[in-house]
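Worksheet for the structure shown next.
None of these values were measured; they are calculated from a predicted model.
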Amino acid sequence: MTRPSWDEYFMDIARQAAARSTCDRNWVGAIIVKDRMILSTGYNGSIRGLPHCDEVGHIMEGDHCVATVHAEANAIIQAARHGVSIDGASIYTTASPCWNCFKLIANSGIKKIYFGEFYRDERILTFAQKAGIELIDMSSQKAGDKGRGAREQRSKGE
């Protein structure tokens, strides 16, 4: 077995976080890292204390479930709740951030976004460059497509 690089290691952990997602429409995990130390984690889930989408159904607008708080937002919120500075950090997320999450990431001071697959919104490509945020596409470095494997295990009840 080959020892994974730091980036592969952190993306693998983001994939594990995705397995905790409670919105079965899209399972995304995110971790925030600085100086090779994990500062915060997040996954797609309902508002704290409320029922989960995969238990009570989705609130749909267009083709999106809007009951879910996205993984990137939850990772930023967790850091804020615990007083952890993420200024200058990196975020590893299993899917590139949506526009709203990108804006949160940019304003939080995160400087690098590592993502496992591209998700819809090409505006982030232009605005990341303007904001001085580095985007790193790790889709070619999937370790056995672990994100898909986590979804398959969850859907089988394993």
Report task. State whether the number of non-hydrogen atoms from other residues, nucleotides or ligands found under 6.0 Å of Glu61 atom CD is greater than 12. Result -> no
Query raised in the report: When you look at CG of Leu50, are more than 12 heavy atoms from neighbouring residues, nucleotides or ligands closer to it than 6.0 Å?
Result: yes
Would you name the heavy atoms of [X] and [Y] that are closest together and state the gap between them?
{"X": "Ser85", "Y": "Leu39", "value": "O-CD1, 3.6 Å"}
{"X": "Val33", "Y": "Ala89", "value": "O-CB, 3.3 Å"}
{"X": "Asn44", "Y": "Ala71", "value": "OD1-N, 2.9 Å"}
{"X": "Ala17", "Y": "Gly42", "value": "CB-O, 3.8 Å"}
{"X": "Asp54", "Y": "Ser21", "value": "OD2-O, 4.3 Å"}
{"X": "His52", "Y": "Thr22", "value": "ND1-OG1, 3.1 Å"}

Report summary line: Residues pairing under ring pair (Phe, Tyr, Trp, His ring centres under 6.0 Å) where one sits in residues 92-118, two or more places apart or in two chains, turn out to be Phe10-Tyr92, Tyr92-Tyr114, Trp99-Phe102, Trp99-Phe127
Is there side-chain contact between [X] and [Y], with heavy atoms separated by less than 4.5 Å?
{"X": "Thr126", "Y": "Lys130", "result": "yes"}
{"X": "Val28", "Y": "Tyr119", "result": "no"}
{"X": "Met60", "Y": "Arg25", "result": "yes"}
{"X": "Lys111", "Y": "Glu134", "result": "no"}
{"X": "Ser46", "Y": "Cys53", "result": "yes"}
{"X": "Ile110", "Y": "Ile86", "result": "yes"}

Query raised in the report: Atom CZ of Arg3 and atom OH of Tyr9: how far apart are they, to the nearest 0.5 Å?
Result: 10.0 Å
Query raised in the report: What distance separates Ile105 CD1 from Thr93 OG1, expressed to the nearest 0.5 Å?
Result: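 The OG1 atom of Thr93 is 7.0 Å from CD1 of Ile105, to the nearest 0.5 Å.
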Query - Side-chain (Thr94) to main-chain (Gly116) donor-acceptor, under 3.5 angstrom - result: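 Judged by distance alone, no pair lies under 3.5 Å.
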Report summary line: Sorted by chain and number, sequence neighbours left out, salt bridge (charged side-chain N to carboxylate O under 4.0 Å, His left out) with Asp63 holds for Arg120
**Report entry** Ser90: side chain to side chain donor-acceptor pair (under 3.5 Å) partners, not counting sequence neighbours
**Finding:**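 So Ser90 forms no side chain to side chain donor-acceptor pair (under 3.5 Å) with any residue.
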**Report entry** Contacts of type side chain to side chain donor-acceptor pair (under 3.5 Å), residue Arg123, not counting sequence neighbours
**Finding:** Asp121
Requested in this report: Go through the side-chain N and O atoms of Ser139 and Glu117 and say whether any donor and acceptor fall under 3.5 Å apart.
Outcome: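 On atom types as modelled, these side chains do not qualify, holding no pair under 3.5 Å.
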Query - Sequence neighbours excluded, every pair satisfying side chain to side chain donor-acceptor pair (under 3.5 Å) that has a member inside residues 28-40 - result: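 Those involving residues 28-40 are Ser40-Gln78.
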Query raised in the report: For His70 and Cys98, what are the C-alpha separation, side-chain angles and deciding distance, and is it a side chain to side chain contact (heavy atoms under 4.5 Å, CB included)?
Result: CA-CA 9 Å; His70 290 186; Cys98 70; 3.4 Å; yes
Query raised in the report: What do the steps show when you test Ile113 against Ser96 for side chain to side chain contact (heavy atoms under 4.5 Å, CB included), and what is the final call?
Result: CA-CA 8 Å; Ile113 301 170; Ser96 62; over 6 Å; no
**Report entry** Chi angles and distances behind the side-chain hydrogen bond (donor to acceptor under 3.5 Å, both in side chains) call for Asp24, His58
**Finding:** CA-CA 9 Å; Asp24 51 12; His58 304 279; 2.8 Å; yes
Report task. Go through Val69 and Ile77 one step at a time and tell me if the side chain to side chain contact (heavy atoms under 4.5 Å, CB included) criterion holds. Result -> CA-CA 10 Å; Val69 179; Ile77 292 164; 4.3 Å; yes
Query - Pair Lys112-Ile136, side chain to side chain contact (heavy atoms under 4.5 Å, CB included): steps then yes or no - result: CA-CA 7 Å; Lys112 290 185 182 181; Ile136 298 99; 4.1 Å; yes
**Report entry** Any residue meeting side-chain contact (heavy atoms from CB on, under 4.5 Å) with Leu104, in chain and number order, not counting sequence neighbours
**Finding:** Ala73, Ile76
Query raised in the report: Do Ile31 and Ile91 sit in the same hydrophobic cluster, where Ile, Leu, Val, Met, Phe, Trp and Tyr count as joined when their side-chain heavy atoms come under 4.5 Å apart?
Result: no
